[in-house]
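Read the structure below first, then the notes.
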Protein chains: 2
Amino acid sequence: MRSRSVPAAVAASPGLPVDVVPIALSVDLVLLTVRDDQLCVLLVRRGIEPFRGRWALPGGFVRPQEDLAEAAVRELAEETGVRRRPAHLEQLATYGAPARDPRGRVVTVAFLALAPLSQAPVAGTDAAASRWAPVAGAGDPPGLAFDHQAILGDGLERARAKFEYSAVATAFCEPEFTVAELRRIYELVWGGRLDPRNFHRKVTGTAGFLVPTGRFTTRDGGRPAELYRRGDAGVLHPAMLRPTARPNP
Amino acid sequence: MRSRSVPAAVAASPGLPVDVVPIALSVDLVLLTVRDDQLCVLLVRRGIEPFRGRWALPGGFVRPQEDLAEAAVRELAEETGVRRRPAHLEQLATYGAPARDPRGRVVTVAFLALAPLSQAPVAGTDAAASRWAPVAGAGDPPGLAFDHQAILGDGLERARAKFEYSAVATAFCEPEFTVAELRRIYELVWGGRLDPRNFHRKVTGTAGFLVPTGRFTTRDGGRPAELYRRGDAGVLHPAMLRPTARPNP
DNA sequence: TCCCTTATCGTCGACATGACGATAAACCGG
DNA sequence: CCGGTTTATCGTCATGTCGACGATAAGGGA
C-alpha cells in the first residue's frame, strides 16, 4: 500500500523515502487595512494562467531555504512594494484540497496581516496590478481566484474574533491615535456601532491596552481628544465581546 | 532573482513554473486523551532514521490526492490502529523551518485531536511502538523527535485556550458523563482545582452545553449524579476563564 | 445508625457591562 | 462675542456573572 511507483527522480530529497511525493508549497496573505473609513484587503490581479485577469490574494511559492513567515513578507514586498513588516502577522491556516489549483498539487499556508495604511501604500512591481478592495464585495461577480474567497472569509473571521480578546486592533492605527479612532476600527471590523462612552471606559480601564501620551488633538473635530500609543498588553482580561455575538436574548 | 537554475526534472507539476521547488509535506497529530486520571498524548517510537528510537508525534507524508485532514486520520489509523475518527479534530498550525528535518525540506501540518480513551485504545501496526504518555514529562530526557516538542506545546496551549470558550471538553468524555467527570477533565487540562459548586452552576446554566438524560449513576461514589450528553453548543457565552489566567491581582 | 463522600442548591459581595444622563472643550456661523 | 454643534470624557444605575463558601440531599460502608 505504501510505495506506488513514483519515479525516484521526483523524490523530494535524497534522504527521504522514495515514495514521498513532492508538493508545491505557497504562501498567501490576507493583508487588511483601514482606508477611507472602510476595511480593505489587498488584492493583486493575476498576470498568468490560471485565473488570468482575476483578482487574488498576494502570495507565491516558498523557496528552498525560506521559513514560511519569511516567504510571506518577501512575497508581500515583491508583489506590492510593501517593504515594511506589517504591524501584525500571524499564520491563519493551511489549505490543501487536492484540486484547489488546476495546475497540480499546490498547498498554501495562509497568513493574516494587519497594517495601518501608511505602512502599506501599495505600489506593485511584480503583479499586473494591485489594489485595496473593500472587504464588503471583494472580488464581487467572478469571485477571487482559487479558494481565496474562502481564505479571505477565514481571515476576516479570525480578525473579528481576535479583536475580542486581544489588542491587535491597534495594529491598524498610526503610532499615536485617539480612542475614537480605535473605536472606529472596531466598528468597521465588527460592523455596527459601539457606544463611545462604554468603549472609552473599557479600553482606558484595561491595563496595558493604551498608554496615554499627555498630548491632545482636535483632528476629529469637537473637544480635543487625548492621544495614546499601543500598550504592551497582548490579551484582554476580560474580553470585549462584540454586540452581535449575543445568542441569549 | 526568480529563477535559480532548479532542474526542470524536479518541478512539482508540468503546469507550474519550472522554478517552483517541490517540498515534502507531512501531517503530524497531537492526539490527547484522559487516562488514569492524567492528560496523555499519543506518541510513537521512530523505527527509522533520523531520530531512530526516539518518541515522536504520529504522522506521515501526505499522498498526492489526499486532503490534509484525511491524511491525518489515515496516519492515525496506520500508525496506531485508531480507526475511528477522533471526537474532535482541528488544524493546529504548519511548521516549516528550513532545517526542521535533517533529511531535507519537510513542512508539516499539525493537527490537534481529542478523543475519549475508549475511542483510541492504541494498538500500533506500523510504528515500532506507540504509547500514551502523560503530557507532564512527555519525551523527558531526550525530548521528542524533530520539533515535535514545540508542536506538542502549541497543541496543549490551544486545547487549554479552547476549553475556555468552547465545549470541546466533552470530546474527552464518554457519550454519557457526569458533571464531576467533566470537571475533572477541565482540572487535568488546566492544572489546578475548580470549585465543584461554581463549575456545576456554570456548565448546567449555559444553554446547549449539556443535555440531561434524567438517569443517574453512583460510579463516582457519594450521592448519585445525573448523567448528561454533549449539547450542540459550539461556543460558550460568556467564556469560562481558567483561574490562572488572572493577570490583575 | 453514624459517618464519609459526593451532588446540588443558595447566598452574598465584588465587579463588569449596557443604557444613558451630564459636563467639558473645541469649532463655526452669525 | 455668543449660542449652537460636535466630540470627549466622566458618572449613575440596574442587571448579570463570578468567586467564595454555607447548607442540604442522597448514596455507601463500618
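A:R183 comes within contact range of the sugar-phosphate backbone alone, with a heavy-atom separation under 4.0 Å but no base atom that close. If you check every strand for non-hydrogen atoms under 4.0 Å, A:D220 touches sugar and phosphate atoms only.
In this structure, of D:dT9, D:dT17, D:dC21, it is D:dC21 that holds the atom nearest to the side chain of B:D195.
In this structure, B:H200 reaches the C:dT8 phosphate: one of its side-chain N or O atoms is under 4.0 Å from OP1 or OP2. Using a 4.0 Å cut-off, some side-chain N or O of B:K202 falls inside it from OP1 or OP2 of D:dC18.
In this entry the distance linking CG of B:L194 with P of D:dC18 reads 13 Å, nearest Å. When rounded to the nearest whole Å, the span between CG of B:L236 and P of D:dG16 equals 20 Å. The distance between atom CZ of B:F199 and atom C1' of D:dC18, rounded to the nearest whole Å, is 15 Å. The interatomic distance linking B:N198 (CG) with C:dC12 (C1') rounds to 12 Å, in whole Å. With rounding to whole Å, B:E164 atom CD is found 12 Å from D:dC18 atom P. Protein atom CD of B:E181 is 13 Å distant from nucleotide atom P of C:dT6, rounded to whole Å. Across the protein-nucleic acid pair, A:R215 atom CZ and C:dA26 atom C1' stand 18 Å apart, rounded to whole Å. Per the geometry, CD belonging to B:E226 stands 9 Å off P belonging to C:dC9, to the nearest Å.
With hydrogens and angles ignored, no donor-acceptor pair under 3.5 angstrom links the side chain of B:R197 to the base of C:dG10. Side-chain to base pairing of B:R223 with D:dA26: no donor and acceptor N or O lie closer than 3.5 Å to each other. Between the side chain of B:R219 and the base of D:dG27, no donor-acceptor pair under 3.5 Å is found. Contact annotation: side chain of A:R201 to base of C:dG18, donor-acceptor pair present below 3.5 Å.
Using a cutoff of 4.0 Å between basic side-chain nitrogens and carboxylate oxygens, A:R74 and A:E78 are scored as salt-bridged. One finds a salt bridge joining B:R229 and B:E176 here, because a Lys/Arg side-chain nitrogen approaches an Asp/Glu carboxylate oxygen to under 4.0 Å.
Between A:F172 and A:F163, the ring planes are tilted. Angles from 30° to 60° get that label.
Taking every heavy atom of both residues into account, B:L32 and B:L39 meet most closely at CB-CD1, 4.3 Å.
Taking NZ of B:K202 as the start and CZ of B:F209 as the end, the distance is 9.0 Å to the nearest 0.5 Å.
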